[in-house]
Amino acid sequence: MKSTRTTYISKMATDLKPSGIRRFFDLAAGMEGVISLGVGEPDFVTPWHIREAAINSLERGFTSYTPNAGILELREEIAFYMKNQFHVEYAPKDEIIVTVGASSAIDLAMRTILDPGEEVIVVEPCFVSYVPMVELAGGVAVRVQATKENDFKILPEQLESAITSKTKAIMLCSPNNPTGTLLNQAELKAIADLAIEHDLLIIADEIYAELSYDDEEYTSMAAIDGMRDRTILVSGFSKSFAMTGWRLGFVCAPIEISSAMLKVHQYALLCASTMSQYAAIEALRNGRPDVEEMVKSYRRRRNFIVQSFNEIGLTCHEPGGAFYAFPSIESTGLSSQEFAERLLMKEGVAVVPGDVFGASGEGHIRCSYATSLEELQEAVKRIKRFIDSL
Ligand code: PLP
């Protein structure tokens with residue numbers, strides 16, 4: 001019988017929209033002299049001793065697969081790190097999986113917990129992959145909007161009104177991409193109370209946990225009373241250790257969830273890159289001074305850019321973490337897409353329009369300050385000239 005097929009592509013893949021961040025990368029890529037505040041990655045090269053550990057692993061011939069969950073030595077280091085830095089304890093053998101970046105950890109979490117039609121509450125503005133990850137896993141993403149009036153902190157009552165009988169989890173990110181907003185212990189606790197009351201999981205994307213600039217100590221969702229066993233904690237090496245290209249992350253969860261995740265992971269990815277895992281062991285053992293240096297530098301840049309934006313009339317709340325400023329461009333009367341496109345064409349500065357991160361991101365632009373202070377100074381000069389010209 002002759003096929004009536006019109007396409008090989010699934011409806012799901014057809015309906016997926018390309019990431020709005022990529023569109024701006026592509027536009028900027030062909031242009032000369034562009035200053036990019038668009039990219040969400042450190043401008044630092046991975047510290048040499050970490051690169052050297054990977055080279056040594058290759059020299060020693062460690063080129064085969066590792067266990068599905070990752071090299072045990074690395075999982076032990078992760079357990080030690082999580083306990084030391086964030087006061088949460090996980091068993092290296094059963095509760096930690098080394099993944100291909102935090103990206104695959106998020107995917108793994110969704111695929112493991114969701115039955116078709118189950119809902120995940122996604123707090124926007126947020127990292128562009130959350131909603132597609134929920135949908136690709138057969139779930140339904142229920143978007144709730146954190147607003148600038150609350151410094152982009154989601155209120156428990158907003159979450160509560162989105163909970164239905166199908167809600168399985170809340171996806172949270174603190175410090176947040178794109179807003180830089182950091183939730184303190186009391187704010188996390190209020191969300192945790194809701195999760196406990198409604199028997200929900202929290203998928204806590206804590207990839208920027210190390211990059212927090214407040215005096216108050218960073219609190220992990222899993223460290224809140226009663227939350228360790230209902231949190232899937234996602235983290236990784238990309239941001240804090242400047243290791244985006246190594247594609248290495250990890251996920252920690254109570255044994256019931258992590259053993260189910262491991263089944264999915266072993267078929268989907270088998271294991272993370274061996275050489276990257278050796279690099280990560282070195283990062284955790286000896287990389288603390290590097291992280292501290294980078295954090296110092298990000299803090300200086302944050303202070304500069306936030307103050308500069310406010311001075312030139314782009315109201316900007318002080319981001320508590322990550323490396324993004326999220327100023328309002330409402331005073332210009334332009335949409336975030338128009339602002340970003342015209343700024344790029346006229347002044348050669350690439351920023352990301354806030355609406356790509358969700359409805360409440362409209363009226364804002366995301367500016368990554370993971371770039372040198374000199375470049376930031378020049379970018380602010382150009383942005384001011386652009387605003388003055390409007
Ligand atoms: N989560 C957030 C909030 C991010 O901003 C990013 C990258 O930009 C990721 C996860 C993905 O990180 P990875 O490079 O570890 O896959």
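Read the numbers this way: they start at 1 and go in the same order the structure lists the ligands and their atoms.
Only the side chain of Ser238 comes within 4.0 Å of ligand 1, counting heavy atoms alone; its backbone N, CA, C and O stay farther away. Residue-level proximity to ligand 1 for Ser103 is carried by backbone and side chain together, each with a heavy atom below 4.0 angstrom. Contacts of Tyr130 with ligand 1, taken as heavy-atom pairs under 4.0 Å, involve the side chain alone. Residue Phe237 does not touch ligand 1, judged by heavy-atom distances below 4.0 Å. Contacts between Glu41 and ligand 1, counted as non-hydrogen atom pairs separated by less than 4.0 Å, are absent for every part of the residue.
Between Tyr218 and Phe86, the distance separating the two ring centers is shorter than 6.0 angstrom.
The residue from Gly40, Ala105, Ala102 that puts a heavy atom closest to atom 15 (O) of ligand 1 is Ala102. Here atom 2 (C) of ligand 1 lies nearest to Asp205 when heavy atoms of Thr99, Asn177, Asp205 are compared. Of the candidates Lys239, Arg247, Glu206, Met243, it is Lys239 that places a heavy atom closest to atom 7 (C) of ligand 1.
A distance-only check finds no donor-acceptor pair linking the side chain of Thr231 to the backbone of Arg228 [under 3.5 Å].
Protein heavy atom closest to atom 6 (C) of ligand 1, with residue, atom name and distance, is Phe127 CZ, 3.4 Å.
A salt bridge links Glu77 to Arg285: one of the charged nitrogens lies within less than 4.0 Å of a carboxylate oxygen. The existence of a salt bridge linking Glu210 and Lys239 is excluded, since no basic side-chain nitrogen approaches an acidic carboxylate oxygen closer than 4.0 Å.
Thr244 does not count as a contact of ligand 1, since none of its heavy atoms falls under 4.0 Å from the ligand. Under a 4.0 Å heavy-atom criterion, Gly249 is not in contact with ligand 1.
Annotation for ligand 1: atoms under 4.0 Å from non-hydrogen atoms of Ile207 are 1 (N), 2 (C), 3 (C), 12 (O), 15 (O). Residue contact check: Cys173 has heavy atoms under 4.0 Å from atoms 3 (C) of ligand 1.
The aromatic rings of Tyr213 and Tyr369 lie tilted to each other, with the angle between the two planes from 30° to 60°. Using the six-membered ring where Trp is involved, Phe323 and Tyr298 have ring planes that are tilted, between 30° and 60° apart.
A side-chain N or O of Gln145 and one of Ser360 form a donor-acceptor pair less than 3.5 Å apart. No side-chain N or O of Trp246 forms a donor-acceptor pair with one of Ser273 less than 3.5 Å apart.
For CD of Glu292, the number of neighbouring non-hydrogen atoms (other residues, nucleotides, ligands) closer than 6.0 Å is greater than 12.
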